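Because the structure is a prediction, the values reported are computed rather than measured. Numbers restart at 1 for each chain; the letters A, B, ... are given by sequence-line order, proteins then strands. Scope of the values below: all heavy atoms of this structure, side chains included, with no hydrogens, waters or symmetry mates.
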There are 2 protein chains.
Amino acid sequence: MATPTPDNTRDRLLMQAERLFSQKGFAAVSVREITAAADTNLAAINYHFGNKMNLYLSVFQERWVPRAHGVRNFFRGYLSKKSLPQTADIVRAFATAFLEGAMSDDEMRCHINLMLRELTHPTEAVNIVVSEVIRPMHHDIREMIRPSLPENLDIEKLTLSIFSIISMILYFGFAKPVISLVMGREFDPQFKSRVIDHIVSFAMDGMNGLSKEET
Amino acid sequence: MATPTPDNTRDRLLMQAERLFSQKGFAAVSVREITAAADTNLAAINYHFGNKMNLYLSVFQERWVPRAHGVRNFFRGYLSKKSLPQTADIVRAFATAFLEGAMSDDEMRCHINLMLRELTHPTEAVNIVVSEVIRPMHHDIREMIRPSLPENLDIEKLTLSIFSIISMILYFGFAKPVISLVMGREFDPQFKSRVIDHIVSFAMDGMNGLSKEET
DNA sequence: GTCTATAGCAGGATAGAC
DNA sequence: GTCTATCCTGCTATAGAC
(Lines give C-alpha, C1' and ligand atoms only; values in the text may rest on other atoms or scores of the structure.)
Protein backbone atom coordinates (compact mmCIF):
# COMPACT_ATOMS: atom_id res chain seq x y z
CA MET A 1 0.00 0.00 0.00
CA ALA A 2 1.15 3.51 -0.69
CA THR A 3 0.13 4.75 2.73
CA PRO A 4 -0.31 1.86 5.12
CA THR A 5 -2.62 2.69 8.01
CA PRO A 6 -0.49 2.85 11.14
CA ASP A 7 -1.58 0.44 13.87
CA ASN A 8 -0.81 3.00 16.51
CA THR A 9 -3.48 5.54 17.40
CA ARG A 10 -1.20 8.54 17.68
CA ASP A 11 0.13 8.07 14.14
CA ARG A 12 -3.30 7.49 12.69
CA LEU A 13 -4.39 10.76 14.26
CA LEU A 14 -1.43 12.59 12.74
CA MET A 15 -2.08 11.09 9.34
CA GLN A 16 -5.79 11.90 9.21
CA ALA A 17 -5.28 15.31 10.77
CA GLU A 18 -2.78 16.23 8.10
CA ARG A 19 -5.09 15.11 5.34
CA LEU A 20 -8.09 16.98 6.73
CA PHE A 21 -6.24 20.15 7.74
CA SER A 22 -4.68 20.39 4.30
CA GLN A 23 -8.07 19.97 2.63
CA LYS A 24 -10.15 22.30 4.77
CA GLY A 25 -7.92 24.35 7.02
CA PHE A 26 -7.52 24.36 10.77
CA ALA A 27 -10.79 26.03 11.72
CA ALA A 28 -12.97 24.07 9.34
CA VAL A 29 -11.98 20.66 10.71
CA SER A 30 -13.42 19.42 14.00
CA VAL A 31 -11.70 17.06 16.39
CA ARG A 32 -14.72 14.84 16.05
CA GLU A 33 -14.07 14.54 12.33
CA ILE A 34 -10.41 13.70 12.85
CA THR A 35 -10.97 11.11 15.54
CA ALA A 36 -13.70 9.46 13.48
CA ALA A 37 -11.42 9.31 10.43
CA ALA A 38 -8.64 7.88 12.56
CA ASP A 39 -11.13 5.32 13.84
CA THR A 40 -10.74 6.15 17.47
CA ASN A 41 -12.61 8.02 20.20
CA LEU A 42 -13.18 11.70 20.81
CA ALA A 43 -10.80 11.92 23.76
CA ALA A 44 -7.79 10.61 21.86
CA ILE A 45 -6.56 13.98 20.60
CA ASN A 46 -6.53 15.50 24.04
CA TYR A 47 -4.82 12.49 25.46
CA HIS A 48 -2.07 12.36 22.85
CA PHE A 49 -1.59 16.02 21.99
CA GLY A 50 -3.19 18.08 24.73
CA ASN A 51 -5.38 20.09 22.38
CA LYS A 52 -6.29 20.68 18.76
CA MET A 53 -3.69 23.39 18.08
CA ASN A 54 -0.96 21.20 19.41
CA LEU A 55 -2.04 18.43 17.08
CA TYR A 56 -1.79 20.91 14.20
CA LEU A 57 1.75 21.88 15.18
CA SER A 58 2.70 18.23 15.59
CA VAL A 59 1.50 17.56 12.06
CA PHE A 60 4.08 20.06 10.85
CA GLN A 61 6.85 18.78 13.08
CA GLU A 62 6.31 15.09 12.58
CA ARG A 63 4.89 14.81 9.09
CA TRP A 64 5.37 17.97 7.09
CA VAL A 65 9.03 18.63 7.89
CA PRO A 66 10.13 15.03 7.26
CA ARG A 67 8.34 15.06 3.94
CA ALA A 68 9.95 18.33 2.97
CA HIS A 69 13.27 16.62 3.68
CA GLY A 70 12.13 13.82 1.41
CA VAL A 71 11.66 16.35 -1.38
CA ARG A 72 15.10 17.74 -0.63
CA ASN A 73 16.65 14.29 -0.79
CA PHE A 74 14.91 13.52 -4.06
CA PHE A 75 16.27 16.81 -5.37
CA ARG A 76 19.80 15.95 -4.29
CA GLY A 77 19.54 12.40 -5.56
CA TYR A 78 18.33 13.65 -8.93
CA LEU A 79 21.30 15.99 -9.09
CA SER A 80 23.91 13.48 -7.98
CA LYS A 81 23.48 11.71 -11.32
CA LYS A 82 25.23 14.65 -12.93
CA SER A 83 28.90 15.02 -12.14
CA LEU A 84 28.98 18.76 -12.69
CA PRO A 85 25.44 20.07 -12.53
CA GLN A 86 24.71 23.18 -14.53
CA THR A 87 22.11 25.70 -13.47
CA ALA A 88 19.54 24.20 -15.83
CA ASP A 89 20.01 20.81 -14.18
CA ILE A 90 19.45 22.34 -10.78
CA VAL A 91 16.27 24.11 -11.79
CA ARG A 92 14.98 20.98 -13.49
CA ALA A 93 15.77 18.86 -10.46
CA PHE A 94 13.93 21.29 -8.24
CA ALA A 95 10.86 21.52 -10.45
CA THR A 96 10.81 17.76 -10.96
CA ALA A 97 11.08 17.08 -7.23
CA PHE A 98 8.01 19.22 -6.61
CA LEU A 99 5.90 18.45 -9.63
CA GLU A 100 6.43 14.83 -10.36
CA GLY A 101 8.95 13.26 -8.07
CA ALA A 102 9.17 12.19 -4.49
CA MET A 103 5.48 11.55 -3.89
CA SER A 104 2.02 11.04 -5.28
CA ASP A 105 -0.14 13.86 -6.58
CA ASP A 106 -2.39 13.73 -3.55
CA GLU A 107 0.52 13.77 -1.17
CA MET A 108 2.09 16.72 -2.97
CA ARG A 109 -1.16 18.63 -2.98
CA CYS A 110 -1.51 17.99 0.73
CA HIS A 111 2.06 19.12 1.32
CA ILE A 112 1.77 22.32 -0.69
CA ASN A 113 -1.64 23.18 0.73
CA LEU A 114 -0.34 23.09 4.27
CA MET A 115 2.58 25.30 3.32
CA LEU A 116 0.50 27.81 1.36
CA ARG A 117 -1.95 28.12 4.17
CA GLU A 118 0.87 29.05 6.49
CA LEU A 119 2.38 31.49 4.02
CA THR A 120 -0.90 33.28 3.38
CA HIS A 121 -2.22 33.07 6.95
CA PRO A 122 0.57 32.36 9.34
CA THR A 123 -0.01 30.60 12.65
CA GLU A 124 2.77 29.47 14.98
CA ALA A 125 3.60 26.80 12.41
CA VAL A 126 5.01 29.33 9.95
CA ASN A 127 8.21 29.50 11.96
CA ILE A 128 8.73 25.80 11.41
CA VAL A 129 8.04 26.17 7.69
CA VAL A 130 10.42 29.05 7.16
CA SER A 131 13.28 28.07 9.43
CA GLU A 132 13.27 24.33 8.78
CA VAL A 133 12.54 24.32 5.08
CA ILE A 134 12.29 27.53 3.10
CA ARG A 135 15.43 29.18 4.36
CA PRO A 136 17.65 26.07 4.05
CA MET A 137 16.20 25.43 0.58
CA HIS A 138 17.14 28.92 -0.54
CA HIS A 139 20.59 28.48 0.87
CA ASP A 140 21.10 25.15 -0.91
CA ILE A 141 20.01 26.44 -4.28
CA ARG A 142 21.94 29.67 -4.01
CA GLU A 143 25.18 27.92 -3.18
CA MET A 144 24.68 25.37 -5.95
CA ILE A 145 24.04 27.98 -8.59
CA ARG A 146 26.61 30.50 -7.50
CA PRO A 147 29.71 28.78 -8.95
CA SER A 148 28.29 29.10 -12.48
CA LEU A 149 27.88 32.83 -12.08
CA PRO A 150 30.28 35.78 -12.09
CA GLU A 151 32.07 36.39 -8.80
CA ASN A 152 30.94 39.97 -8.42
CA LEU A 153 27.30 38.91 -8.78
CA ASP A 154 24.67 40.88 -6.93
CA ILE A 155 23.49 38.35 -4.36
CA GLU A 156 20.15 40.08 -3.99
CA LYS A 157 19.39 39.56 -7.66
CA LEU A 158 20.18 35.89 -7.36
CA THR A 159 17.89 35.56 -4.36
CA LEU A 160 15.05 37.31 -6.21
CA SER A 161 15.53 34.92 -9.11
CA ILE A 162 15.29 31.96 -6.78
CA PHE A 163 12.04 33.36 -5.41
CA SER A 164 10.80 33.63 -8.98
CA ILE A 165 11.57 29.99 -9.63
CA ILE A 166 9.87 28.93 -6.42
CA SER A 167 6.86 31.06 -7.28
CA MET A 168 6.41 29.29 -10.59
CA ILE A 169 6.80 25.83 -9.14
CA LEU A 170 4.34 26.56 -6.33
CA TYR A 171 1.83 28.18 -8.63
CA PHE A 172 1.89 25.41 -11.21
CA GLY A 173 1.55 23.01 -8.29
CA PHE A 174 -1.43 24.53 -6.53
CA ALA A 175 -3.30 26.23 -9.32
CA LYS A 176 -3.61 23.07 -11.41
CA PRO A 177 -7.41 23.21 -11.58
CA VAL A 178 -7.38 26.84 -12.71
CA ILE A 179 -4.64 26.18 -15.23
CA SER A 180 -6.56 23.24 -16.67
CA LEU A 181 -9.64 25.44 -16.87
CA VAL A 182 -7.90 28.29 -18.66
CA MET A 183 -5.87 26.12 -21.01
CA GLY A 184 -8.60 23.60 -21.67
CA ARG A 185 -6.20 20.75 -21.08
CA GLU A 186 -5.91 17.97 -18.52
CA PHE A 187 -2.96 18.08 -16.15
CA ASP A 188 -1.75 14.66 -17.30
CA PRO A 189 1.86 13.41 -17.18
CA GLN A 190 2.54 14.65 -20.69
CA PHE A 191 1.36 18.15 -19.84
CA LYS A 192 3.25 18.02 -16.55
CA SER A 193 6.54 17.39 -18.31
CA ARG A 194 5.72 20.18 -20.73
CA VAL A 195 5.20 22.48 -17.73
CA ILE A 196 8.54 21.45 -16.27
CA ASP A 197 10.25 22.17 -19.59
CA HIS A 198 8.58 25.55 -19.63
CA ILE A 199 9.68 26.39 -16.09
CA VAL A 200 13.25 25.38 -16.83
CA SER A 201 13.50 27.35 -20.05
CA PHE A 202 11.71 30.39 -18.66
CA ALA A 203 13.92 30.38 -15.57
CA MET A 204 17.13 29.86 -17.54
CA ASP A 205 16.35 32.71 -19.88
CA GLY A 206 15.23 34.79 -16.92
CA MET A 207 18.50 34.21 -15.17
CA ASN A 208 20.51 35.29 -18.17
CA GLY A 209 20.04 38.78 -16.85
CA LEU A 210 22.15 37.88 -13.83
CA SER A 211 25.36 37.67 -15.81
CA LYS A 212 24.78 40.91 -17.65
CA GLU A 213 26.50 43.91 -16.18
CA GLU A 214 24.03 46.55 -15.10
CA THR A 215 24.64 49.90 -13.49
CA MET B 1 -10.73 58.93 4.72
CA ALA B 2 -9.43 56.08 2.60
CA THR B 3 -12.33 53.78 3.41
CA PRO B 4 -15.25 55.79 4.74
CA THR B 5 -17.60 53.73 6.87
CA PRO B 6 -20.82 53.29 4.93
CA ASP B 7 -23.92 54.55 6.75
CA ASN B 8 -25.94 51.68 5.45
CA THR B 9 -25.93 48.43 7.39
CA ARG B 10 -25.73 46.12 4.42
CA ASP B 11 -22.58 47.80 3.09
CA ARG B 12 -20.95 47.87 6.50
CA LEU B 13 -21.55 44.14 6.75
CA LEU B 14 -20.00 43.54 3.35
CA MET B 15 -16.98 45.66 4.22
CA GLN B 16 -16.27 44.03 7.56
CA ALA B 17 -17.02 40.57 6.23
CA GLU B 18 -14.50 41.01 3.45
CA ARG B 19 -11.84 42.18 5.86
CA LEU B 20 -12.41 39.35 8.32
CA PHE B 21 -12.84 36.58 5.75
CA SER B 22 -9.63 37.63 4.04
CA GLN B 23 -7.74 37.62 7.33
CA LYS B 24 -9.02 34.38 8.82
CA GLY B 25 -10.95 32.44 6.22
CA PHE B 26 -14.61 31.55 6.02
CA ALA B 27 -14.78 28.97 8.77
CA ALA B 28 -12.70 30.88 11.28
CA VAL B 29 -14.95 33.93 11.27
CA SER B 30 -18.26 33.89 13.12
CA VAL B 31 -21.31 35.92 12.22
CA ARG B 32 -21.14 37.39 15.72
CA GLU B 33 -17.71 38.79 14.97
CA ILE B 34 -18.84 40.31 11.69
CA THR B 35 -21.99 41.89 13.04
CA ALA B 36 -20.09 43.30 16.01
CA ALA B 37 -17.41 44.78 13.73
CA ALA B 38 -20.13 46.24 11.53
CA ASP B 39 -21.69 47.70 14.67
CA THR B 40 -25.04 46.05 14.22
CA ASN B 41 -27.00 43.16 15.67
CA LEU B 42 -26.66 39.44 15.30
CA ALA B 43 -29.70 39.02 13.06
CA ALA B 44 -28.54 41.49 10.43
CA ILE B 45 -26.67 38.97 8.28
CA ASN B 46 -29.64 36.67 8.01
CA TYR B 47 -31.91 39.54 7.21
CA HIS B 48 -29.72 41.02 4.48
CA PHE B 49 -28.08 37.94 3.01
CA GLY B 50 -30.08 34.90 4.12
CA ASN B 51 -27.10 33.09 5.62
CA LYS B 52 -23.37 33.25 6.17
CA MET B 53 -22.33 31.53 2.93
CA ASN B 54 -24.44 33.90 0.92
CA LEU B 55 -22.73 36.83 2.59
CA TYR B 56 -19.39 35.32 1.56
CA LEU B 57 -20.50 35.01 -2.07
CA SER B 58 -21.86 38.56 -1.98
CA VAL B 59 -18.47 39.79 -0.82
CA PHE B 60 -17.00 38.38 -4.03
CA GLN B 61 -19.75 39.67 -6.26
CA GLU B 62 -20.11 43.13 -4.79
CA ARG B 63 -16.65 43.95 -3.51
CA TRP B 64 -14.01 41.63 -4.88
CA VAL B 65 -15.02 41.68 -8.57
CA PRO B 66 -15.41 45.49 -8.70
CA ARG B 67 -12.01 45.88 -7.14
CA ALA B 68 -10.46 43.47 -9.60
CA HIS B 69 -11.92 45.68 -12.31
CA GLY B 70 -10.25 48.62 -10.59
CA VAL B 71 -6.92 46.84 -10.94
CA ARG B 72 -7.69 46.18 -14.58
CA ASN B 73 -8.52 49.84 -15.17
CA PHE B 74 -5.34 50.93 -13.45
CA PHE B 75 -3.46 48.51 -15.69
CA ARG B 76 -5.10 49.92 -18.81
CA GLY B 77 -4.65 53.51 -17.69
CA TYR B 78 -0.99 52.88 -17.03
CA LEU B 79 -0.62 51.45 -20.51
CA SER B 80 -2.56 54.17 -22.31
CA LYS B 81 0.29 56.56 -21.59
CA LYS B 82 2.34 54.63 -24.11
CA SER B 83 1.26 54.98 -27.70
CA LEU B 84 2.66 51.64 -28.80
CA PRO B 85 3.20 49.49 -25.72
CA GLN B 86 5.94 46.90 -25.93
CA THR B 87 5.81 43.64 -24.03
CA ALA B 88 8.02 45.06 -21.28
CA ASP B 89 5.57 47.92 -20.77
CA ILE B 90 2.73 45.49 -20.46
CA VAL B 91 4.47 43.35 -17.91
CA ARG B 92 5.52 46.41 -15.94
CA ALA B 93 2.00 47.80 -16.00
CA PHE B 94 0.64 44.52 -14.75
CA ALA B 95 3.17 44.15 -11.96
CA THR B 96 2.77 47.78 -10.95
CA ALA B 97 -1.01 47.53 -10.83
CA PHE B 98 -0.74 44.63 -8.40
CA LEU B 99 2.23 45.62 -6.33
CA GLU B 100 2.01 49.34 -5.94
CA GLY B 101 -0.89 50.80 -7.83
CA ALA B 102 -4.62 50.91 -7.61
CA MET B 103 -4.95 50.48 -3.85
CA SER B 104 -3.36 50.49 -0.45
CA ASP B 105 -1.19 47.67 0.84
CA ASP B 106 -3.88 46.47 3.20
CA GLU B 107 -6.51 46.53 0.51
CA MET B 108 -4.24 44.62 -1.88
CA ARG B 109 -3.42 42.05 0.76
CA CYS B 110 -7.12 41.59 1.43
CA HIS B 111 -7.82 41.24 -2.28
CA ILE B 112 -5.07 38.70 -2.91
CA ASN B 113 -5.86 36.70 0.21
CA LEU B 114 -9.44 36.18 -0.87
CA MET B 115 -8.33 35.08 -4.32
CA LEU B 116 -5.59 32.74 -3.08
CA ARG B 117 -7.94 31.12 -0.68
CA GLU B 118 -10.30 30.34 -3.51
CA LEU B 119 -7.50 29.06 -5.72
CA THR B 120 -6.10 26.75 -3.08
CA HIS B 121 -9.45 25.75 -1.49
CA PRO B 122 -12.22 26.41 -3.92
CA THR B 123 -15.77 27.05 -2.75
CA GLU B 124 -18.60 28.19 -5.02
CA ALA B 125 -16.85 31.56 -5.23
CA VAL B 126 -14.03 30.16 -7.36
CA ASN B 127 -16.30 30.26 -10.40
CA ILE B 128 -16.69 34.00 -9.97
CA VAL B 129 -12.95 34.44 -9.57
CA VAL B 130 -12.01 32.45 -12.64
CA SER B 131 -14.73 33.47 -15.04
CA GLU B 132 -15.02 37.14 -14.08
CA VAL B 133 -11.37 37.93 -13.56
CA ILE B 134 -8.66 35.37 -14.22
CA ARG B 135 -9.82 34.26 -17.64
CA PRO B 136 -10.50 37.78 -18.98
CA MET B 137 -7.16 38.91 -17.57
CA HIS B 138 -5.35 36.14 -19.44
CA HIS B 139 -7.19 37.02 -22.58
CA ASP B 140 -6.29 40.73 -22.30
CA ILE B 141 -2.63 40.11 -21.73
CA ARG B 142 -2.36 37.48 -24.42
CA GLU B 143 -3.94 39.68 -27.07
CA MET B 144 -1.80 42.64 -26.06
CA ILE B 145 1.44 40.72 -26.24
CA ARG B 146 0.70 38.71 -29.33
CA PRO B 147 1.33 41.44 -31.94
CA SER B 148 4.97 41.69 -30.83
CA LEU B 149 5.51 37.99 -31.37
CA PRO B 150 5.95 35.81 -34.45
CA GLU B 151 2.74 34.82 -36.17
CA ASN B 152 3.34 31.10 -36.00
CA LEU B 153 3.82 31.33 -32.24
CA ASP B 154 2.80 28.38 -30.09
CA ILE B 155 -0.15 29.81 -28.20
CA GLU B 156 0.28 27.28 -25.39
CA LYS B 157 3.79 28.53 -24.72
CA LEU B 158 2.56 32.08 -24.50
CA THR B 159 -0.16 31.07 -22.08
CA LEU B 160 2.35 29.24 -19.88
CA SER B 161 4.53 32.33 -19.87
CA ILE B 162 1.61 34.47 -18.75
CA PHE B 163 0.98 32.02 -15.92
CA SER B 164 4.64 32.39 -14.96
CA ILE B 165 4.32 36.15 -14.80
CA ILE B 166 1.16 35.91 -12.73
CA SER B 167 2.81 33.43 -10.41
CA MET B 168 5.66 35.83 -9.68
CA ILE B 169 3.38 38.79 -9.10
CA LEU B 170 1.12 36.81 -6.79
CA TYR B 171 4.00 35.29 -4.89
CA PHE B 172 5.84 38.56 -4.37
CA GLY B 173 2.50 39.99 -3.27
CA PHE B 174 1.48 37.39 -0.72
CA ALA B 175 4.78 36.07 0.52
CA LYS B 176 6.09 39.50 1.54
CA PRO B 177 6.71 38.52 5.15
CA VAL B 178 8.65 35.42 4.15
CA ILE B 179 10.64 37.32 1.55
CA SER B 180 11.54 40.00 4.08
CA LEU B 181 12.59 37.27 6.48
CA VAL B 182 14.79 35.45 3.97
CA MET B 183 16.33 38.57 2.46
CA GLY B 184 16.69 40.45 5.71
CA ARG B 185 15.18 43.52 4.15
CA GLU B 186 12.02 45.56 4.73
CA PHE B 187 9.42 45.56 1.98
CA ASP B 188 9.60 49.35 1.64
CA PRO B 189 8.76 51.33 -1.53
CA GLN B 190 12.37 51.22 -2.67
CA PHE B 191 12.51 47.45 -2.39
CA LYS B 192 9.10 47.18 -4.02
CA SER B 193 10.28 49.01 -7.11
CA ARG B 194 13.35 46.81 -7.16
CA VAL B 195 11.06 43.77 -7.11
CA ILE B 196 9.04 45.16 -10.00
CA ASP B 197 12.22 45.73 -11.99
CA HIS B 198 13.25 42.19 -11.25
CA ILE B 199 9.91 40.74 -12.36
CA VAL B 200 9.99 42.73 -15.59
CA SER B 201 13.53 41.77 -16.50
CA PHE B 202 13.10 38.12 -15.47
CA ALA B 203 9.88 37.88 -17.45
CA MET B 204 11.30 39.62 -20.51
CA ASP B 205 14.31 37.36 -20.62
CA GLY B 206 12.07 34.39 -19.90
CA MET B 207 9.88 35.25 -22.85
CA ASN B 208 12.80 35.50 -25.22
CA GLY B 209 12.41 31.76 -25.58
CA LEU B 210 9.05 32.34 -27.25
CA SER B 211 10.57 33.78 -30.39
CA LYS B 212 13.18 31.08 -30.76
CA GLU B 213 12.33 28.27 -33.09
CA GLU B 214 12.24 24.94 -31.33
CA THR B 215 11.42 21.52 -32.70
C1' DG C 1 -35.14 47.74 8.83
C1' DT C 2 -33.51 46.99 13.32
C1' DC C 3 -33.25 44.76 17.45
C1' DT C 4 -33.68 41.16 21.61
C1' DA C 5 -34.31 36.72 22.95
C1' DT C 6 -33.78 32.15 22.28
C1' DA C 7 -34.03 27.70 19.97
C1' DG C 8 -31.27 24.01 18.67
C1' DC C 9 -27.10 22.10 17.71
C1' DA C 10 -21.96 21.41 17.13
C1' DG C 11 -17.75 22.67 18.98
C1' DG C 12 -13.43 21.61 22.23
C1' DA C 13 -12.26 19.77 26.36
C1' DT C 14 -12.51 16.76 30.62
C1' DA C 15 -13.66 13.16 34.23
C1' DG C 16 -13.48 8.79 35.35
C1' DA C 17 -14.49 3.71 34.22
C1' DC C 18 -12.03 0.02 32.22
C1' DG D 1 -4.00 3.72 26.30
C1' DT D 2 -8.71 3.56 25.22
C1' DC D 3 -13.33 4.60 25.69
C1' DT D 4 -18.15 6.66 27.14
C1' DA D 5 -20.60 10.14 29.06
C1' DT D 6 -20.96 14.76 29.83
C1' DC D 7 -19.93 19.78 30.57
C1' DC D 8 -20.26 24.11 28.83
C1' DT D 9 -19.27 27.39 25.53
C1' DG D 10 -20.10 29.27 21.16
C1' DC D 11 -22.21 28.70 16.82
C1' DT D 12 -25.96 29.69 13.04
C1' DA D 13 -30.43 30.70 12.36
C1' DT D 14 -35.13 32.23 13.50
C1' DA D 15 -39.27 34.27 15.81
C1' DG D 16 -41.39 38.12 16.93
C1' DA D 17 -41.42 42.92 19.29
C1' DC D 18 -40.70 47.55 17.88
Quiz item: Roughly, in whole Å, what's the span from CZ in F49(B) to P in dT2(C)?
Solution: 11 Å
Quiz item: Restricting to pairs with a member in residues 27-53 of chain B, which pass ring-ring contact (aromatic ring centres under 6.0 Å, His included), not counting sequence neighbours?
Solution: none
Practice problem: Grab the CG-P distance between N54(B) and dT12(D) for me, whole Å please. | Solution: 15 Å
Quiz item: Just by protein heavy atoms under 4.0 Å, how would nucleotides 5-18 of chain C read 5' to 3' in B, S and -?
Solution: -B----BBBBB---
Exercise. In whole angstrom, give the distance that lies between atom CG of D11(B) and atom P of dG1(C).
Key: 11 Å
Quiz item: Listed by chain and number, what are the side chain to side chain contact (heavy atoms under 4.5 Å, CB included) partners of T96(B), not counting sequence neighbours?
Solution: F74(B), Y78(B), R92(B), E100(B), I196(B)
Practice problem: May I ask you to decide if T35(A)'s main-chain N or O and Q16(A)'s side chain share a donor-acceptor pair within less than 3.5 Å? | Solution: no
Quiz prompt | For I128(B), side chain to side chain contact (heavy atoms under 4.5 Å, CB included) partners two or more places apart | solution = F60(B), Q61(B), V65(B), E132(B)
Quiz item: Looking at T40(B), does any N or O in its side chain come under 4.0 Å of the phosphate oxygens OP1/OP2 on dT2(C)?
Solution: no
Quiz item: Can you check the R10(B) CZ to dG1(C) P distance for me, whole Å?
Solution: 10 Å
Practice problem: Give the rounded distance in Å between these two atoms: CG of L55(B) and C1' of dT12(D). | Solution: 13 Å
Quiz item: Nearest-Å distance, CG (D39(B)) to P (dT2(C))?
Solution: 12 Å
Quiz item: Does V29(B) have any side chain to side chain contact (heavy atoms under 4.5 Å, CB included) partners at least two apart in sequence or in another chain, and if so, which?
Solution: L20(B), F21(B), K24(B), E33(B), I34(B)
Exercise answer: donor-acceptor pairs, residues 158-171 of chain B side-chain atoms, under 3.5 Å, sequence neighbours excluded:
from: T159(B); atom 1: OG1; to: I155(B); atom 2: O; distance (Å): 2.9
from: S161(B); atom 1: OG; to: K157(B); atom 2: O; distance (Å): 3.1
from: S164(B); atom 1: OG; to: H198(A); atom 2: NE2; distance (Å): 2.6
from: S164(B); atom 1: OG; to: L160(B); atom 2: O; distance (Å): 3.3
from: S167(B); atom 1: OG; to: S164(B); atom 2: O; distance (Å): 2.7

